[in-house]
Amino acid sequence: VNGIKFWNEDGIIRNQSMEIVTPSGNPAVMQIVNHWLAADGTPLVEESTTASLFANRLLTYDVTFTAKVEKVEFGDTKEGMFAIRLPNSMREMAGGGPVTNSEGAEGSGPAWGRTARWVNYDGPVGGNTFGVTLMDHPENPRPSRYHVRNYGLFAINPFGVEAYTKGSDDAKPAEPLHLAQGEQVRFRYGLWVHGPDTNKEVIEETYQQFVDYERAE
């Protein structure tokens with residue numbers, strides 16, 4: 001953001017508030033406000049996020065960025081934006097997986113850097129098999145690509161078309177996202193933690209739960 005690699009901790013994201021909106025129920029809801037700071041401490045953007053947690057361990061993440069300075073640029077990078085680091089035992093390189101996506105790709109290699117409704121990553125933990133699914137909302141202002149690696153990094157990112165493709169597919173290079181002071185942009189993502197024997201049909205049902213809830217919101 002404005003040349004600052006927040007993913008590399010070159011900049012600071014400082015929490016401003018966290019409010020439990022709905023402490024129990026299906027879903028429970030919290031509201032988080034963070035400031036992304038320039039080197040001099042000036043907030044570049046305000047991040048306002050609503051996180052909703054359902055009984056089936058679906059987490060929805062609804063984030064709005066508001067520019068706090070005259071010009072904000074979200075540059076092209078494969079790093080970011082919504083991510084989870086999986087346990088070592090789940091890593092594909094250590095006997096975890098499979099990694100699959102909604103378009104039929106199998107393996108982290110074929111799924112990496114591609115657009116999809118969702119990507120699922122299964123693997124063993126403590127003698128059991130668990131899975132994590134990341135989901136992209138169809139009404140986001142630009143589609144996201146998945147930074148899914150065999151060493152357990154698992155992220156979804158709308159800002160890295162050039163970094164992901166290097167011209168290897170038919171994607172058109174995307175211009176950096178620019179916001180003028182006061183302008184906003186909203187993205188919505190889902191993260192679902194689930195048990196074994198979760199097939200594509202069940203993932204699709206949970207994906208639809210995510211989409212329907214976020215559309216209603």
Side-chain angles (χ1 to χ4, degrees), residues 6-9 13 15 18 20-30 32 49-63 78-138 144-158 160 164 187-214:
F6 283 93
W7 65 269
N8 198 44
E9 299 184 359
I13 300 174
N15 178 252
M18 196 284 287
I20 303 297
V21 179
T22 308
S24 62
N26 191 24
V29 181
M30 69 178 71
I32 305 118
T49 297
T50 301
S52 303
L53 181 62
F54 291 81
N56 64 347
R57 298 174 304 279
L58 170 67
L59 173 73
T60 68
Y61 182 86
D62 184 340
V63 55
K78 70 181 188 303
E79 314 300 343
M81 158 179 147
F82 179 61
I84 185 171
R85 177 74 70 162
L86 300 174
N88 286 343
S89 60
M90 287 185 69
R91 295 178 300 168
E92 191 180 49
M93 64 183 289
V99 173
T100 57
N101 75 8
S102 59
E103 311 310 301
E106 296 187 5
S108 58
W112 185 85
R114 300 294 177 173
T115 59
R117 296 188 303 281
W118 52 261
V119 171
N120 184 68
Y121 203 132
D122 287 337
V125 180
N128 298 298
T129 298
F130 294 96
V132 175
T133 310
L134 289 183
M135 305 173 181
D136 191 21
H137 198 281
S144 292
R145 293 171 184 265
Y146 294 81
H147 194 11
V148 54
R149 292 301 203 186
N150 66 3
Y151 53 82
L153 174 61
F154 192 16
I156 184 169
N157 176 20
Y164 284 122
F187 292 96
R188 289 168 284 179
Y189 298 108
L191 183 155
W192 183 41
V193 178
H194 57 81
D197 302 323
T198 303
N199 58 33
K200 183 174 182 178
E201 288 72 23
V202 177
I203 296 173
E204 288 285 359
E205 289 175 4
T206 308
Y207 173 79
Q208 196 59 52
Q209 175 191 352
F210 155 64
V211 170
D212 290 345
Y213 173 72
E214 285 296 335

* **Spatial distance of atom CG (Leu134) from atom OH (Tyr61) [nearest 0.5 Å]** => 12.5 Å
* I would like to know whether Val119 and Thr133 meet side-chain contact (heavy atoms from CB on, under 4.5 Å); could you show each step before the answer? => CA-CA 6 Å; Val119 171; Thr133 310; over 6 Å; no
* Asked: Are Asp62 and His137 linked by a side-chain donor-acceptor pair shorter than 3.5 Å?
  -> no
* Can you find a heavy atom in the side chain of Asp122 that is under 4.5 Å from one in the side chain of Pro98? -> yes
* **Val132 versus Phe154, closest heavy-atom pair with distance** => O-CE2, 3.4 Å
* Structure fact -> Scanning both residues in full, the closest heavy-atom pair of Leu59 with Ala51 reads CD1-CB, 4.1 Å
* Return yes if some donor-acceptor pair links the side-chain N/O of Arg91 with the main-chain N/O of Asn88 below 3.5 Å, else return no. => yes
* With a 4.5 Å limit on heavy-atom distance, are the side chains of Trp192 and Thr198 in contact? -> yes
* So Ser144 and Ile156, side-chain contact (heavy atoms from CB on, under 4.5 Å) or not? Walk me through it. -> CA-CA 6 Å; Ser144 292; Ile156 184 169; 3.4 Å; yes
* Examine distances only and state if a side-chain atom of Lys78 and a backbone atom of His147 form a donor-acceptor pair shorter than 3.5 Å. => no
* To do: Identify the heavy atoms of Ala116 and Tyr146 that sit nearest to each other, and give their distance.
  => O-OH, 3.0 Å
* Structure fact -> When rounded to the nearest 0.5 Å, the distance separating OH of Tyr164 from OG1 of Thr115 is 12.0 Å
* Compare every heavy atom of Ser108 with every heavy atom of Val99, then report the nearest pair and how far apart it is. => CB-N, 3.8 Å
* Asked: Atom CZ of Arg117 and atom CD of Glu204: how far apart are they, to the nearest 0.5 Å?
  -> 4.0 Å
* Asked: Where is the tightest heavy-atom contact between Tyr207 and Asp136, given as atom of each residue plus distance?
  -> OH-O, 3.2 Å
* Asked: For the side chain of Arg57 and the backbone of Val193, is there at least one donor-acceptor N/O pair under 3.5 Å apart?
  -> yes
* Close side-chain approach of Phe54 and Tyr213, heavy atoms under 4.5 Å -> yes
* Interatomic distance, Trp112 atom CH2 to Asn101 atom CG [nearest 0.5 angstrom] -> 14.0 Å
* To do: Check whether any side-chain heavy atom of Lys200 lies under 4.5 Å from a side-chain heavy atom of Trp118, and answer yes or no.
  => yes
* Asked: Taking Ser89 for the side chain and Pro124 for the main chain, is one N or O donor matched with an acceptor at less than 3.5 Å?
  -> yes
* Asked: About how many Å separate CD of Glu205 and CG of Asn56, when rounded to the nearest 0.5 Å?
  -> 11.0 Å
* Asked: Any side-chain heavy-atom pair from Val148 and Glu92 closer than 4.5 angstrom?
  -> no
* Structure fact -> Shortest non-hydrogen pair, Tyr121 vs Gly97, comes out as CE2-N, 4.4 Å
* Asked: Do Thr60 and Pro27 have side-chain heavy atoms sitting under 4.5 Å apart?
  -> no
* To do: Verify the neighbour count for atom CD of Gln208: are there more than 12 heavy atoms of other residues, nucleotides or ligands below 6.0 Å?
  => yes
* Distance-only donor-acceptor check, side chains Glu106 and Thr100, under 3.5 Å -> no
* Can you find a heavy atom in the side chain of Thr50 that is under 4.5 Å from one in the side chain of Val29? -> yes
* Side chain proximity check, Val202 to His194, heavy atoms < 4.5 angstrom -> no
* Measure from the side-chain N and O atoms of Thr129 to the backbone N and O of Val125, and report whether any donor-acceptor pair falls under 3.5 Å. => no
* Taking Tyr189 for its side chain and Phe82 for its backbone only, find out whether a donor-acceptor pair lies under 3.5 Å. => no
* Structure fact -> To the nearest 0.5 Å, atom CG of Leu53 lies from atom CE of Met30 at 7.5 Å
